Structure formats: C-alpha cells, structure tokens
Novice: 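One structure, pasted below without further comment.
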Amino acid sequence: MPESGNENGAPKPQVVMVTGGTGLVGAAIKAYVEETGALQGEEWVYLSSKDGDLRSRKDTEAIFEKFKPTHVIHLAAKVGGLFANMAQKVEFFRENILINDNIMECCRIYKVEKLVSFLSTCVFPDKTTYPIDETMLHDGPPHSSNEGYAYAKRLIDTMNRAYAEEYGCNFTSIIPTNIYGPHDNFSIQNGH
C-alpha cells in the first residue's frame, strides 16, 4: 500500500522495479501484472539490458536515480545452460557478483523498502539428502559443472543476512524450481 510521504500529504508512489524484466520470469511477472492490474499507487518498471549495464556501478546508480524504486525484484543475471556454465565459470561468477553487488548496494543506498532476489536450485549442495530446503543451502559445494554461477547466486543469501544485520535492510530471496515457458532460451549451448 502507498505510504504518506511527500510534502503535499499525497500517498508516496510505490515503484516496483524488476531487473531482468524482459527475461523468462520478468516477462511472466509483467504479463501477470498487466492481466490482473497493478494496485492503486503502484508503478511497475521492467528493466532490460537497454536500460543500462548492471555490472557497472555507474549505470546501476543512474537507473536507481531515474526510477527511484521503493521495491526491487532482482532477476537479472548472466545465465546459460550446462555447456556455457562449464566453459565460462569465471565469467558466470564475476559478472553475477558484480550485478548482485551493484543491485544490493544501490538498494541500501537508495533506501529500497524491500528487495527480493531470485536464486536457482543449482545453489544447493551437489551431495545432499532429499527433500531439500533453504536451511541446507550452505551444507556443501554445488555441482562443479555450474559452480561459478551457483556460488555467485548463493552469496546473495549470505549478503541478505549481512545487509539485515549491519544496515537493517529488508532483503530476501526465493529459490524457484525448474522454471520454463515463453521467453525461455532453448539453445543447446546457451539455453537455461
């Protein structure tokens, strides 16, 4: 719900910014919001790579300045299939660390009310027992085939707690399982 916030006493608009807004999950969120309608006082912003390079702190800060989000759904990531993950472990780790760090730090600096980040089931330990749940996230290394991506995503969970403890930020994450649908990439080399 919108909060009072400006000098006229008018409700403060709620700006929900979706990183990765044109990807598989972002496009589905957009379709759902358009179908059901945004709540009164809500504005939804769906970012794509055309809005800026989230690996760049300067670009990320410019995006936060422009849209002034109150809430962020963080979906943006360097993603790929098994072959891409195996061939580019360093790039998957470094680029996702940069993206995640820039988003999380800008959410802190710009006083975003809530950040929800998407993780992946690949963050779970390779050797585990079933059923798995979020308490098992750090119980062992992920599968070596996608460890660059998995560790970068896993660190979001660690940083959510650190930002809460040090700065009082309301950051959380969810771990969807086996997502697929329209706007997916079915490439053998780079498909998710």
Side-chain angles (χ1 to χ4, degrees), residues 17-29 46-61 63 72-108 115-164 169 171-192:
M17 185 172 78
V18 181
T19 71
T22 59
L24 172 63
V25 177
I29 291 172
Y46 302 92
L47 297 181
S48 77
S49 57
K50 293 180 181 92
D51 293 297
D53 183 350
L54 296 178
R55 295 170 298 182
S56 159
R57 177 60 61 88
K58 182 179 174 185
D59 283 11
T60 307
E61 288 176 349
I63 288 167
V72 173
I73 299 173
H74 178 39
L75 310 174
K78 175 180 177 64
V79 296
L82 177 62
F83 296 117
N85 271 278
M86 288 171 50
Q88 301 173 41
K89 290 180 184 182
V90 173
E91 290 77 12
F92 275 89
F93 180 81
R94 291 190 73 247
E95 290 184 34
N96 283 302
I97 287 291
L98 289 169
I99 292 167
N100 299 337
D101 180 58
N102 287 335
I103 291 297
M104 296 178 97
E105 183 63 1
C106 283
C107 283
R108 179 191 72 81
L115 165 64
V116 178
S117 298
F118 265 43
L119 305 186
S120 168
T121 54
C122 75
V123 301
F124 285 105
D126 181 35
K127 307 291 185 214
T128 191
T129 57
Y130 293 90
I132 54 177
D133 67 42
E134 66 277 3
T135 65
M136 303 161 78
L137 191 61
H138 301 282
D139 287 352
H143 192 273
S144 62
S145 64
N146 58 13
E147 65 188 344
Y149 178 78
Y151 276 120
K153 295 300 256 184
R154 191 185 276 190
L155 285 173
I156 291 174
D157 178 67
T158 303
M159 293 308 294
N160 284 340
R161 286 191 305 280
Y163 271 101
C169 295
F171 295 176
T172 192
S173 54
I174 61 174
I175 307 171
T177 58
N178 298 329
I179 58 171
Y180 62 92
H183 307 284
D184 204 347
N185 177 352
F186 297 100
S187 161
I188 291 292
Q189 288 297 321
N190 299 315
H192 114 275

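Source: prediction; values computed, not measured.
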Novice: Just so I know, are the side chains of Glu105 and Thr60 near enough to count as touching, which here means a heavy-atom distance under 4.5 Å?
Specialist: no

Novice: With a 4.5 Å cut-off on side-chain heavy atoms, are Met17 and Ile63 touching?
Specialist: yes

Novice: Please identify each residue that fulfils side-chain hydrogen bond (donor to acceptor under 3.5 Å, both in side chains) with Asn96, with sequence neighbours left out.
Specialist: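 So Asn96 forms no side-chain hydrogen bond (donor to acceptor under 3.5 Å, both in side chains) with any residue.
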
Novice: Taking ring-ring contact (aromatic ring centres under 6.0 Å, His included) as the test, write out the residues that go with Tyr149, two or more places apart.
Specialist: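 In terms of ring-ring contact (aromatic ring centres under 6.0 Å, His included), with neighbours along the sequence ignored, Tyr149 is linked to no residue.
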
Novice: To the nearest 0.5 Å, how far apart are NZ in Lys50 and OG in Ser48?
Specialist: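 With rounding to 0.5 Å, NZ (Lys50) is 5.0 Å from OG (Ser48).
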
Novice: Taking the side chain as everything from C-beta on, heavy atoms only, tell me whether Val18 gets closer than 4.5 Å to Val25.
Specialist: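 Counting from C-beta outward, Val18 and Val25 never come under 4.5 Å.
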
Novice: Side-chain contact, heavy-atom cut-off 4.5 Å: Lys153 with Ile175?
Specialist: no

Novice: Give a yes or no answer on whether the side chain of Asn146 reaches the backbone of Asn85 with a donor-acceptor pair at less than 3.5 Å.
Specialist: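 No.
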
Novice: Might you work through the side chain to side chain contact (heavy atoms under 4.5 Å, CB included) test for Ile99 and His74, ending with a clear yes or no?
Specialist: CA-CA 10 Å; Ile99 292 167; His74 178 39; 3.5 Å; yes

Novice: Does atom CZ of Arg108 have more than 12 heavy-atom neighbours from other groups under 6.0 Å away?
Specialist: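 Above 12, so yes.
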
Novice: Under the side chain to side chain contact (heavy atoms under 4.5 Å, CB included) criterion, do Ser145 and Leu82 qualify, and how do the steps go?
Specialist: CA-CA 7 Å; Ser145 64; Leu82 177 62; 3.6 Å; yes

Novice: Are Arg57 and Cys106 close enough, and set up right, to give a side chain to side chain contact (heavy atoms under 4.5 Å, CB included), and what steps lead you there?
Specialist: CA-CA 9 Å; Arg57 177 60 61 88; Cys106 283; 4.2 Å; yes

Novice: Working to the nearest 0.5 angstrom, can you tell me the gap between Met159 CE and Ile97 CD1?
Specialist: 9.0 Å

Novice: Using the salt bridge (charged side-chain N to carboxylate O under 4.0 Å, His left out) rule, collect all pairs that involve residues 75-93, keeping only residues at least two apart or in two chains.
Specialist: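 Counting only pairs at least two positions apart or across chains, the salt bridge (charged side-chain N to carboxylate O under 4.0 Å, His left out) contacts touching residues 75-93 are Lys89-Glu147.
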
Novice: Is a donor on one side and an acceptor on the other found under 3.5 Å between the side chain of Thr19 and the backbone of Leu75?
Specialist: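 Side chain of Thr19 to backbone of Leu75, a donor-acceptor pair under 3.5 Å: yes, one is there.
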
Novice: Say you draw a straight line from CG of Leu24 to CD1 of Ile29; how long is it, rounded to the nearest 0.5 Å?
Specialist: 10.0 Å

Novice: Under a 4.5 Å cut-off applied to non-hydrogen side-chain atoms, are Ser117 and Phe171 in contact?
Specialist: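 Ser117 does not reach Phe171 side chain to side chain.
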
Novice: Sequence neighbours left out, what passes side-chain hydrogen bond (donor to acceptor under 3.5 Å, both in side chains) with Glu61? Give chain and number order.
Specialist: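 With neighbours one apart ignored, the set is empty.
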
Novice: Identify every side-chain donor-acceptor pair in residues 129-140 under 3.5 Å, counting partners at least two apart or on other chains, and give the distances.
Specialist:
residue	atom	partner	partner atom	Å
Asp133	OD1	Thr135	N	2.8
Asp133	OD1	Thr135	OG1	2.4
His138	NE2	Asp157	OD2	2.8

Novice: Sequence neighbours excluded, which residues qualify as side-chain hydrogen bond (donor to acceptor under 3.5 Å, both in side chains) partners of Asp51?
Specialist: none

Novice: Mind checking the OH-CD1 spacing from Tyr46 to Ile73? Nearest 0.5 Å is all I need.
Specialist: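 If we round to the nearest 0.5 Å, Tyr46:OH and Ile73:CD1 are 7.5 Å apart.
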
Novice: Which heavy atom in Phe92 sits nearest to a heavy atom in Ala152, and how many Å separate them?
Specialist: O-CB, 4.3 Å

Novice: As a quick check of understanding, evaluate side chain to side chain contact (heavy atoms under 4.5 Å, CB included) for Asp59 and Asn102, giving each step before the final call.
Specialist: CA-CA 9 Å; Asp59 283 11; Asn102 287 335; over 6 Å; no

Novice: With rounding to the nearest 0.5 Å, note down the distance linking OG1 in Thr172 to CG in Leu119.
Specialist: 9.0 Å

Novice: Can you list everything that forms a side-chain hydrogen bond (donor to acceptor under 3.5 Å, both in side chains) with Asp53? Sequence neighbours excluded, please.
Specialist: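 Asp53 satisfies side-chain hydrogen bond (donor to acceptor under 3.5 Å, both in side chains) with Arg55 once adjacent residues are dropped.
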
Novice: What I'd like to find out is whether the side chain of Phe124 reaches to under 4.5 Å of the side chain of Arg154, using heavy atoms alone.
Specialist: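 No, their side chains stay 4.5 Å or more apart.
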
